[in-house]
Amino acid sequence: MLTTKTSGKVIVSLTQSWRYLLLLSLLPYISTLPVFSLHFHNKLAFFVASLLFLFTQYHLFRLWLDSHFFQALYRYQDDVSFDESLSILFPKRPQKQTMEARWLGTKRLFSFAVIGVSIQWVWCLGMVFGYALFDTF
């Protein structure tokens, strides 16, 4: 059921949302850099913000990669060659995967990326507003 052209368009559209999530991830990190570098001397807060940024970027990279993999998979409709190619590149992954397993893995990556972006925004807004509130004392 997940091997139709329509299914392919759905999963490729989902994975191509990495672009928007990248923008949403860059905005809080870049906007708080001046606050951290000029006024805020808490290195731990900046370290946590950087780790959150890297966590999110990893999952966005994986979404980008899945986007290209799904495009190739749905364009050529050759699961066997696709699995053989990936097993050569990544020897520890299972030899054969169902389309459902691929979709679930991509859904998990997308969820982690959205969670990462959300936590980044909460952390950075908390740092900016926390600094603005507590710096006056």
- Item | Check: Thr15/Asp66 side-chain N/O donor and acceptor closer than 3.5 Å | no
- Item | Co-membership, hydrophobic cluster, residues Trp103 and Phe110, 4.5 Å side-chain | yes
- Message: Tyr76 vs Gln71, test: side chain to side chain contact (heavy atoms under 4.5 Å, CB included). Steps then yes/no.
- Response: CA-CA 9 Å; Tyr76 300 115; Gln71 285 176 10; over 6 Å; no
- Item | Heavy-atom closest pair, residues Lys96 and Asp79 | NZ-CB, 3.7 Å
- Task: Can you measure from OG (Ser87) to CD (Gln97) and round to the nearest 0.5 angstrom?
- Result: 11.0 Å
- Using modelled atom types only, decide if a donor and an acceptor are shared between the side chain of Ser67 and the backbone of Leu63 within a distance under 3.5 Å. no
- Task: Quick one: pull up CG in Leu109 and NE2 in His59 and give me the separation to the nearest 0.5 Å.
- Result: 6.0 Å
- Item | Least distance between heavy atoms, Cys124 atom then Pro28 atom | SG-O, 3.7 Å
- Indicate, with yes or no, if Trp64 and Phe82 share a hydrophobic cluster defined by side-chain heavy-atom contacts under 4.5 Å among Ile, Leu, Val, Met, Phe, Trp and Tyr. yes
- Message: Any donor-acceptor pair under 3.5 Å linking the side-chain atoms of Tyr29 with those of Thr56?
- Response: no
- Query: Roughly how far, to the nearest 0.5 Å, is CZ of Phe55 from OG of Ser50?
  - Reply: 15.0 Å
Using distance only, find each side-chain donor-acceptor pair of residues 16-25 under 3.5 Å and give its atom names and separation, not counting sequence neighbours.
unit_1	atom_1	unit_2	atom_2	d
Ser17	OG	Leu14	O	2.5
Ser25	OG	Gln57	NE2	2.8
Ser25	OG	Gln120	OE1	2.7

- Compare all side-chain heavy atoms of Met99 with those of Phe70 and state whether any distance is below 4.5 angstrom. yes
- Message: Within this structure, what is the CG-OG1 distance for the pair Leu104 and Thr98, rounded to the nearest 0.5 Å?
- Response: 8.0 Å
- Supply the atom-to-atom distance Leu73 CG to Arg102 CZ, rounded to the nearest 0.5 angstrom. 5.0 Å
- Query: Under a single-linkage definition using a 4.5 Å side-chain heavy-atom cutoff for Ile, Leu, Val, Met, Phe, Trp and Tyr, are Leu60 and Val122 assigned to the same hydrophobic cluster?
  - Reply: no
- Message: Could you measure the distance from the CZ atom of Arg62 to the CZ atom of Phe69? Nearest 0.5 Å is fine.
- Response: 9.0 Å
- Item | Hydrophobic cluster membership, Phe112 vs Leu51, 4.5 Å side-chain cutoff | no
- Message: Taking Phe53 as the starting point, is it possible to reach Tyr58 by hopping between hydrophobic residues whose side chains are less than 4.5 Å apart?
- Response: no
